[in-house]
Protein chains: 2
Amino acid sequence: MSRPTIIDVAKRAGVSKSLVSLVMRGAPNVSEEKRQRVLGVAADLGYRPNAVARSLVRQRTNLLGVLLSDLHNPFFAEVIDGIQAEAAERGYRTIIGTGDRVELSEARALDTMLELRTEGLILASPILPMRRIAEASREVPTVLVARGSRSASVDSVANDDTAGAALAVGHLASLGHRRIAHIDGGDGAGSRERRRGYERAMERHGLAGEARVVAGSYTEEGGWKGVRALFSRGRAPSAVFAANDLAAIGTLSALAERGLSVPEDVSVVGYDNTALAAAHHIHLTTVDQPRPEMGRTAVRLVLERLDGKRRAARHLLMPPSLVVRGTTAPPSNAPGKRRSR
Amino acid sequence: MSRPTIIDVAKRAGVSKSLVSLVMRGAPNVSEEKRQRVLGVAADLGYRPNAVARSLVRQRTNLLGVLLSDLHNPFFAEVIDGIQAEAAERGYRTIIGTGDRVELSEARALDTMLELRTEGLILASPILPMRRIAEASREVPTVLVARGSRSASVDSVANDDTAGAALAVGHLASLGHRRIAHIDGGDGAGSRERRRGYERAMERHGLAGEARVVAGSYTEEGGWKGVRALFSRGRAPSAVFAANDLAAIGTLSALAERGLSVPEDVSVVGYDNTALAAAHHIHLTTVDQPRPEMGRTAVRLVLERLDGKRRAARHLLMPPSLVVRGTTAPPSNAPGKRRSR
DNA sequence: GGAAGGATGTGGAACGTTCCACTTTGGCCA
DNA sequence: TGGCCAAAGTGGAACGTTCCACATCCTTCC
C-alpha cells in the first residue's frame with residue numbers, strides 16, 4: 001500500500017538495488033537491456049525517487065531556500081524570477097517560505113528551511129533581527145536581498161538608492177524644474193539613502209537652496225499627507241519625488257483633490273517601477289530596480305560560498321534606471337530648457 | 001567541521017542518543033537534570049535537528065506543498081495567507097513552489113515537492129494538464145484552488161463566478177442601469193462562468209434584450225479593446241461589467257480617452273478586488289473573492305483526506321461579495337431609482 | 001521484606017538511498 | 001592458451017534520526 005522503493009523495483013526487475021540506483025541517475029556502464037527493464041518496472045510501479053533518503057546519504061539536498069518577508073509585495077516576484085532562473089541553470093531547486101511580516105512566523109519559516117537542510121539561504125528584505133540572520137549564516141551561506149548589511153558573514157545585494165534618487169532629481173532638473181520636493185519614506189528600507197541621494201543631487205545641480213523634504217512613508221497615505229504638508233505652507237514645488245510608487249500614487253490622488261493636474265502643474269516621480277506604476281491609468285515616471293538581475297546575483301553569491309571560492313562578505317549595489325512615463329514634463333514657466341549647474 | 005548530530009550531543013552530555021532525541025522532542029519522563037544538561041550541550045554545539053533524517057524514519061514530513069502558477073498575481077498572496085494560517089494551526093509547515101506560467105518549470109516544481117515527500121499538495125490555478133494533476137493526486141492528497149475540476153480524485157475550491165457576476169449585474173440594475181454590457185475574459189479561468197452568470201442575471205432582471213457581450217481578455221488591453229467594440233457601433237451602454245480588475249482598468253483608460261467620465265457617464269465594475277482596484281486613484285467597484293478563506297478551506301480538504309476521513313472528491317464554491325467604490329452610480333437619465341423586474 | 005509498578009534511561013533495528021570495494025564476464029592480444 | 005583489462009553488476013556500510021523492547025532504579029504498599 002505504501003510507496004514503492006528502489007528495492008521493490010529491484011526485486012521485480014530481478015536486479016540489485018544498486019543497479020536500479022544507477023539507472024535512475026542515468027549512469028553510464030549499464031546495459032541497454034537492463035536499463036529498459038528497470039525503467040519499465042519503475043514506471044509500472046509508479047516509483048518515484050525519495051529525495052529525503054537521497055539527501056540523507058549524499059549529505060546534500062540541492063535545495064536553495066528563499067525567504068520572503070511579504071508575498072503581497074509584487075517587487076519580490078521579479079526577484080524570484082531571477083533567482084529561479086539562475087538556480088535552475090546551476091542545477092539547484094528552490095523552495096520559498098514566507099513570514100508575512102510577522103517576526104515569529106518568519107523565524108519559523110527560517111527554521112523550516114534550515115532543518116530541511118537547504119544549502120543556501122536568500123532572504124528578501126526580512127524583518128528578522130540581524131543577530132538571527134548572522135546565526136543562520138553560520139550554518140549555511142546566506143545573502144540578503146534589498147536590505148543593506150555591513151555584516152562580515154552575510155552577503156547582500158541591493159539597489160543603489162542614492163544613485164536612483166539622483167536619477168530622479170537629474171531627470172526633473174533637466175526638464176527645467178528647480179523647486180523639486182521630496183516626500184520621504186520614513187523608516188522604510190532604503191528610505192534614508194533615497195533622501196540622502198536626493199539632497200546630494202540637489203546640491204550637485206545647484207539647487208541646494210530649493211531642496212525641501214517632508215515626512216512620509218512607503219504608503220499611499222504617506223504620499224497623500226506629504227502633499228498636504230508641501231502645499232499648505234511655503235512656496236509650492238513644481239515637482240515631487242516620492243519615496244516609492246505607492247507614495248507617488250498617494251501624491252497623485254492628493255494633487256487631483258487640490259485641482260492640480262499632472263504633469264501640467266506638477267511633475268511626479270516614484271520609485272520601484274511596480275505594476276501599479278505601469279498601469280495605463282497611472283503611467284508613472286519612476287525609478288526601476290533591476291530585480292531579476294538582483295535575484296540572479298543573489299544566487300551567484302550563495303554558490304560562490306558554497307563552492308568554497310570565497311570567504312569574505314560581498315555587498316553589491318545594483319544600478320537603478322529611470323523609466324520615463326507620463327507624470328513628468330517641463331514646468332509650465334520654463335518649457336523644456338535644460339538647466340545644468 | 002560538519003554539522004553536529006544527535007550523537008555528538010549525546011557523547012558530550014554523557015547520555016544515550018535516545019535520550020537526546022527525547023529531550024529534543026520535549027518528551028515527558030526525562031529528569032530535569034538531564035534535560036538541562038542535554039539542552040545546554042545542544043546549544044553549545046549549535047545542534048539543529050535534521051528534518052531529513054527525521055522524515056525518513058518517521059515516514060512523514062509534516063510538510064504541505066503549495067504550487068503557485070504565478071507569483072506576480074497578487075491574488076494568490078492572500079490565498080497563501082489563509083493556507084499558512086490554517087496549516088500552522090494544524091501543525092503543518094508549508095513550502096511554496098512556482099512555475100511562473102511555464103508548463104515545464106511548473107512540472108519541475110511539482111516533482112520537487114513530490115520528491116521531498118510533501119504530504120499534501122495545493123495547486124493554485126496551475127497550467128499543468130489535468131492528467132498530470134490526477135497523477136499527482138494518486139501519490140498525495142491534492143486540491144485545486146481557483147481552477148475548477150470535475151475530477152473524482154482531485155478536490156477543488158473556487159469562487160462562484162456565476163454568483164459573482166450576478167452580484168455585479170444586480171448592483172448595476174438596482175442603481176437603475178439597463179444597458180449593462182459585459183467585456184468578457186476570453187479563455188481565462190472562470191471567464192465562461194462569469195459570462196454565463198452575467199447573461200442569466202440580465203434575464204432575471206428582465207434585461208435579456210439589453211444584454212451585450214464583447215470579446216476581451218484578463219488584461220488591460222482586453223478591456224481597452226472591449227470599449228472600442230462597445231462604443232464604435234450600436235447603442236452605447238450606460239454600464240460595463242469587465243471580466244476582471246485589469247480589464248476594468250483598461251476600460252477606464254479607454255473611456256477617459258473618449259472623454260467619457262466615470263461614473264457620471266458610464267459605470268464600471270471589475271472582478272477580483274485586487275490592490276489595484278483598491279488604490280485611491282482607481283477606486284474601482286468590484287467583486288471580491290474570499291481569498292484567505294479559500295486557502296484555509298484548501299488546507300482543510302487536504303487534511304480530511306490525510307486523516308482518512310474522506311475518499312470522495314469535494315468541489316467547493318465560495319460565495320463572492322460586492323465591494324462598492326467610486327466607479328458606479330445611477331445612470332444620468334434615471335437617478336437612483338430602483339428598477340426591479 | 002518483597003513484589004509491583006512507575007519513572008527514567010538505553011541499545012539496536014529501521015527508514016530508502018548512495019557509494020565504495022569487490023566480483024563476474026568476456027574480449028583481445030601476445 | 002593464458003593473462004589482462006574494461007564493462008557490467010552486486011552487497012553492505014553509512015547517513016541521522018525515531019521507536020520499540022528492554023533494563024534499571026526507586027517508591028509504595030501489604
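Below, each value reflects all heavy atoms present in this structure, side chains not excepted, and no hydrogens, waters or symmetry copies.
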**Student:** Between A:Thr5 and C:dG16, is there a contact of a side-chain N or O with OP1 or OP2 at under 4.0 Å?
**Tutor:** no

**Student:** Under 4.0 Å between a side-chain nitrogen and a carboxylate oxygen: does that hold for B:Asp8 and B:Arg3?
**Tutor:** no

**Student:** Within the 4.0 Å heavy-atom criterion, would you say B:Val30 contacts the bases, only the backbone, or no part of the nucleic acid?
**Tutor:** sugar-phosphate

**Student:** Taking only the side-chain nitrogens and oxygens of A:Arg25, find out if one of them lies under 4.0 Å from OP1 or OP2 of C:dC19.
**Tutor:** yes

**Student:** B:Asp8 CG to D:dC15 P: how many Å, rounded?
**Tutor:** 11 Å

**Student:** Quick one about A:Ser149 and A:Ser156 (side-chain donor to acceptor, distance below 3.5 Å, no hydrogens or angles considered), yes or no?
**Tutor:** no

**Student:** Figure out the CZ/C1' separation between B:Arg58 and D:dC20, and round it to whole Å.
**Tutor:** 14 Å

**Student:** Kindly say if A:Gln59 contacts the phosphate of D:dG16, meaning a side-chain N or O under 4.0 Å from OP1 or OP2.
**Tutor:** yes

**Student:** Just the rounded figure in Å: distance from C1' of D:dA8 to CG of A:Asn29.
**Tutor:** 7 Å

**Student:** Just to verify, which of B:Arg90, B:Lys309, B:Arg310 counts as forming a salt bridge (Lys or Arg N to Asp or Glu O under 4.0 Å) with B:Glu304?
**Tutor:** B:Arg310

**Student:** Ignoring backbone atoms, establish whether B:Ser21 has a side-chain N or O less than 4.0 Å from OP1 or OP2 of D:dT18.
**Tutor:** yes

**Student:** Do the side chains of A:Arg300 and A:Glu89 get close enough for a salt bridge, i.e. N-O under 4.0 angstrom?
**Tutor:** no

**Student:** Given atom CD of A:Glu32 and atom C1' of D:dG9, what is their separation to the nearest angstrom?
**Tutor:** 16 Å

**Student:** Measure from CG on A:Leu22 to P on D:dA7 and round the result to the nearest Å.
**Tutor:** 15 Å

**Student:** For B:Leu19 and D:dC20, give me the distance from atom CG to atom C1', rounded to whole Å.
**Tutor:** 16 Å

**Student:** With DNA chain D as reference, determine whether A:Glu33 or A:Ala53 sits nearer its 5' end, using the nearest nucleotide of each.
**Tutor:** A:Glu33

**Student:** Give each protein N/O atom lying under 3.5 Å from an N/O atom of nucleotides 12-14 of chain D, with the pair distance.
**Tutor:**
residue	atom	partner	partner atom	Å
D:dG12	N7	A:Lys17	NZ	3.1
D:dG12	O6	A:Lys17	NZ	2.7
D:dG12	O6	A:Ser18	OG	3.4

**Student:** Rounded to whole Å, how long is the line connecting atom CD1 of B:Ile6 with atom C1' of D:dC15?
**Tutor:** 14 Å

**Student:** The test is side chain to side chain contact (heavy atoms under 4.5 Å, CB included); show your working for B:Phe76 and B:Ile96 and say whether it passes.
**Tutor:** CA-CA 11 Å; B:Phe76 298 116; B:Ile96 304 172; over 6 Å; no

**Student:** Nearest-Å distance, CZ (B:Arg3) to P (D:dT17)?
**Tutor:** 10 Å

**Student:** Side-chain donor-acceptor pair under 3.5 Å between B:Arg25 and B:Ser21, yes or no?
**Tutor:** yes

**Student:** Does a side-chain N-to-carboxylate-O contact under 4.0 Å join A:Arg132 and A:Glu106?
**Tutor:** no

